[in-house]
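Down below is the structure, laid out as structure tokens.
The chains referred to below are lettered A, B, ... by the order of the sequence lines, with proteins before strands, and numbering in each begins at 1. All of these numbers come straight from a predicted model, not from anything done at the bench.
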2 protein chains.
Amino acid sequence: MNPRECSLASALNVIGEKWSLLALREVFYGVHRFDGIVRNTGAPRDVLATRLRTLVDGGVLRRVRYSERPPRDEYHLTQAGLELAPAMLGLMRWGMRWVEDAPVSATVFTHSCGGQLDAGIVCTSCGEDVGSGEVELPDTGTAQGS
Amino acid sequence: MNPRECSLASALNVIGEKWSLLALREVFYGVHRFDGIVRNTGAPRDVLATRLRTLVDGGVLRRVRYSERPPRDEYHLTQAGLELAPAMLGLMRWGMRWVEDAPVSATVFTHSCGGQLDAGIVCTSCGEDVGSGEVELPDTGTAQGS
DNA sequence: CTCGTGGGTTGCGAAACCCAACTCACTTAT
DNA sequence: ATAAGTGAGTTGGGTTTCGCAACCCACGAG
């Protein structure tokens, strides 16, 4: 009867609103300041202001002061924010592969070895790298109710 | 000046609206019908109806008729939908790890070997499994403009 | 012939979104 | 010494979207 409790829903409470992930993308890309994020995302300024606040409150970003008088802060990733990288990469990759007219986007993340990073699925017990599509669905049968 | 073109934005156009990912979660979990998805997500019926439509239009879900008269369809994952698994797993894992009071959620995806699957980042050139947090950010310096 | 179920649609008030303009607090040009 | 520009928002307003409850239609069961 009640909605399923799920960490996905919890995650979406923090980063699931419109513009949140695009704002985070900019910070990942090294754009740390309000106007830059506005320009690169196209988000309305007021909406972005509240998004950044919830991201800070949610522990994903932290403000770093770079000027007293006038007081101005940059937005930087926390550890929690950094660890969103796999999920964001997964979405980017998916968009590239499956959404028509998505840009082939040259901007990607690089490993320290110089190679490009990719999001994948790994089996925690046998360590095997699972190709997308070989996921076994949980055996909930056709159960519909809660 | 213009917003950055990015496959992440394209992806979010398809699966970024409220309830979309939760609806997809249900389909992943084997709940294929409207009422089941409504019950398990808590989404308003009207919103869910339009979300399912955009997911179908976006090629993530497909309708599978299971009854003529009255005509009734189930929602099933397409290949594109299945390949959202890494991204969704990434978000679930992140929620579990970083969001307070997120359920420890026993429902996960399993590999054919019986182990639990996890989302990770892999280097495409050296093949190394990169621990979250070791991501090298693109060297955009402090560039702010477009 | 009424009840229940599945899959929606409709109406309407509340909330969120978007945009343009405005505010401070400075810094740099003229 | 004004004037114009930058950075980081806030404010006012109109427009969409959300969310909820109620309704509808087709059927099947009792």
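In terms of heavy-atom proximity, A/Gly95 sits nearest to B/Ala11 at CA-CB, 3.9 Å. Nearest heavy-atom pair across A/Thr54 and A/Glu17 is OG1-OE1, 4.0 Å.
For the pair A/Arg33 CZ and D/dT6 C1', the interatomic distance rounds to 11 Å; values are reported in whole Å. Distance, B/Leu52 CG to C/dG8 P: 8 Å, rounded to whole Å. Rounded to whole angstrom, the span from the CG atom of B/Leu48 across to the P atom of C/dG6 amounts to 15 Å. When rounded to the nearest whole Å, the span between CG of A/Asp73 and P of D/dA8 equals 9 Å. Atom CD in B/Glu74 sits about 12 Å away from atom P in C/dG8, given to the nearest Å.
Side chain of A/Thr78 to backbone of A/Gly81: a donor-acceptor contact under 3.5 angstrom is found. Listed for the A/Trp94 side chain is no donor-acceptor partner under 3.5 Å among the backbone atoms of B/Ala85. Put simply, the side chain of A/Arg51 gets close to the backbone of A/Lys18: a donor and an acceptor are under 3.5 Å apart.
Under 3.5 Å, the side chains of B/Arg33 and B/Tyr75 contain no donor-acceptor pair of N or O atoms.
The phosphate of D/dT10 has OP1 or OP2 within less than 4.0 Å of a side-chain N or O from A/Arg53. A close approach under 4.0 Å does occur between a side-chain nitrogen or oxygen of A/Tyr75 and OP1 or OP2 of D/dG9.
Applying the side-chain contact (heavy atoms from CB on, under 4.5 Å) rule to B/Arg69 yields no partners; only residues at least two apart in sequence or on another chain are considered.
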CA sep, side-chain torsions, deciding dist, call: A/Glu83, B/Arg93, salt bridge (Lys or Arg N to Asp or Glu O under 4.0 Å):
CA-CA 10 Å; A/Glu83 294 192 16; B/Arg93 229 184 94 67; 5.5 Å; no
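For the contact set between residues 57-64 of chain A and DNA chain C, defined by any heavy atom under 4.0 Å, there are no members.
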In the 5'-to-3' direction, what one-character label does each nucleotide of nucleotides 10-27 of chain C receive under the scheme B = base within less than 4.0 Å of a protein heavy atom, S = sugar-phosphate only, - = no such atom?
BB-----SBB-----SS-
